[in-house]
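Below is one structure, written out as structure tokens; comments come after it.
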Amino acid sequence: MVPVRHDRSSIAVMTHTSPRTDHDPAHAHAHHTHRPSPHERDADDMADFLDLEADVLAGHLASVTASLPVETDPRHVVDLGCGTGAGTFALLARFPRATVTAVDASAPHLHRLRERAGAEGVAGRVRTVRADLDADWPGLGRPGLVWASASLHHLADPDRALRAVRELLAPGGLFALVELDGSPRFLPEDAPGGRPGLEERCHAALAHRHAEHMPHRGADWGPRLAAAGFTVEDERTVSVHVDGSRSGAVGPYALSSLGRLRAGAADALDAGDLAALDRLLDPTGPQSLLRRGDLAVRTARTVWAARRS
């Protein structure tokens, strides 16, 4: 058994922008008076959130991909649950000779990813595949590396997916599994004034819903990887701390993240907490998150690097 190394580090993060161009054949036939449906608006809102998160955590992703124990640089990589492509573009940068097959169930997210690939001149290195990770996957080839970041905990049967990844990988291939250790925090513990600890109470209010709807969130994936036929070569927890003064994306990311938190926790908050949260979420108000100089992103990810046995 190869020894597993546990490591903890802090990452400084730089930001980047994600230019957008049109590349979706379905969109090309849309009439100019088309009004997006609620589903389309939700998908766009989530895509915007994922793009903000990618900006803030770009340095973290670069550090994680740089630390992967690859034996030889893969020529084909599969990104499972790619979202709008944060992992895809980090992998393209890490492995400049590789192509990436980006897999996700969301057509709008894949559309956003293709837009960015075209804008950055790497469209020829990216293939998108729309697929439900809880169902059968279409032909994805024999990749030397499979990457799954913050996606497997959403699945109804992640153990099935782990077995499918093992069968998908080329012999000796590597599986990089990155999962959340918790939701990001942004405010100091004594904030906001008059309602200290508000952010933690919001997260506590959602804890039971996460346990019900995402029972695999926070799982120990090491034993599950072993049961699926992998040898875990590395496991590390990476702490992320991004000071708002170093990244202009932190404020908008906090606004979006806490806005999503409010949508889920509102029924469990008392009137005072809800009013304080609404003042933070008012982008033009005097107590807006966008006006605070003490924001920081504090979160952690655990990374498992597992070899097909």
Side-chain angles (χ1 to χ4, degrees), residues 11-24 43-68 70 73-131 133 140-141 143-152 154 173-180 184 238 240 242 246-250 252-253 256-257 297 299 301 303 305:
I11 304 300
V13 176
M14 298 180 66
T15 65
H16 63 278
T17 58
S18 302
R20 298 181 60 181
T21 59
D22 192 81
H23 184 67
D24 188 343
D44 281 342
D45 287 346
M46 186 61 184
D48 289 341
F49 174 78
L50 292 175
D51 282 349
L52 277 171
E53 186 171 66
D55 283 343
V56 170
L57 301 182
H60 156 69
L61 280 173
S63 175
V64 169
T65 57
S67 70
L68 295 177
V70 294
D73 283 5
R75 301 302 296 268
H76 179 209
V77 180
V78 169
D79 181 1
L80 290 176
C82 60
T84 58
T88 293
F89 292 101
L91 293 161
L92 289 170
R94 170 66 177 84
F95 304 111
R97 295 187 300 167
T99 60
V100 176
T101 299
V103 185
D104 202 90
S106 169
H109 292 176
L110 294 175
H111 171 55
R112 184 79 65 97
L113 190 157
R114 289 192 299 270
E115 287 182 323
R116 180 177 168 191
E120 296 192 2
V122 294
R125 297 176 58 202
V126 176
R127 179 170 74 102
T128 59
V129 174
R130 187 180 182 189
L133 297 187
L140 300 180
L145 171 65
V146 174
W147 168 276
S149 178
S151 57
L152 292 196
H154 290 284
L174 188 72
F175 180 33
L177 172 58
V178 185
E179 275 293 341
L180 309 170
V238 182
V240 182
V242 187
R246 297 201 306 267
S247 170
V250 168
Y253 179 45
S256 180
S257 185
V297 181
T299 187
R301 300 289 188 270
V303 185

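What you see is a predicted model, and the numbers here were worked out from it, not measured in a lab. Excluded from the calculations below are hydrogen atoms, water molecules and symmetry mates; all remaining heavy atoms, backbone and side chain alike, are included.
What you find for L52 and A249 is that their closest heavy atoms are CD2-O, 4.3 Å. Residues R125 and L92 share a closest heavy-atom pair of NH2-O, 3.1 Å. Of all heavy-atom pairs between L113 and A102, the closest is CD1-CB, 3.7 Å. Here the shortest heavy-atom pairing between A47 and R112 reads CB-NH2, 3.4 Å. In terms of heavy-atom proximity, A98 sits nearest to P74 at CB-O, 3.3 Å.
From L91, atom CG reaches atom CG of L145 across 6.0 Å, with rounding to the nearest 0.5 Å. Residue L180 holds its CG atom at 9.5 Å from OG of S151, rounded to the nearest 0.5 Å. Taking OG1 from T128 and CG from D104, the interatomic distance works out to 10.0 Å, rounded to the nearest 0.5 Å. Note that OG of S256 and CD of E53 are 9.5 Å apart. Values are rounded to the nearest 0.5 Å. For the atom pair CD of E179 and OG of S149, the computed distance is 7.5 Å after rounding to the nearest 0.5 Å.
The side-chain heavy atoms of V297 and P184, taken from C-beta on, include a pair separated by under 4.5 Å.
Judged purely by atom type and a 3.5 angstrom limit, T65 uses its side chain to pair as donor or acceptor with the backbone of L61. In this structure, the side chain of R130 does not engage the main chain of S106 through any donor-acceptor pair within 3.5 Å.
By the ring pair (Phe, Tyr, Trp, His ring centres under 6.0 Å) test, F49 is found to be paired with Y253, residues two or more places apart in sequence or in another chain being considered. Applying the side chain to side chain donor-acceptor pair (under 3.5 Å) criterion to T299, with sequence neighbours excluded, gives R301. When the side-chain contact (heavy atoms from CB on, under 4.5 Å) test is applied to A131, the partners found at least two apart in sequence or on another chain are V103, V129, P138.
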For residues 81-90, dump all side-chain donor-acceptor pairs below 3.5 Å to protein atoms at least two apart in sequence or in another chain.
| unit_1 | atom_1 | unit_2 | atom_2 | d |
| --- | --- | --- | --- | --- |
| T84 | OG1 | D51 | OD1 | 2.9 |
| T88 | OG1 | D79 | OD2 | 2.7 |

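For the side-chain contact (heavy atoms from CB on, under 4.5 Å) with W147, the qualifying choice from L68, L80, V100 is L68, the only one to do so.
Listed by first and then second residue, the side chain to side chain donor-acceptor pair (under 3.5 Å) pairs that reach into residues 91-101 are H76-T101, sequence neighbours excluded.
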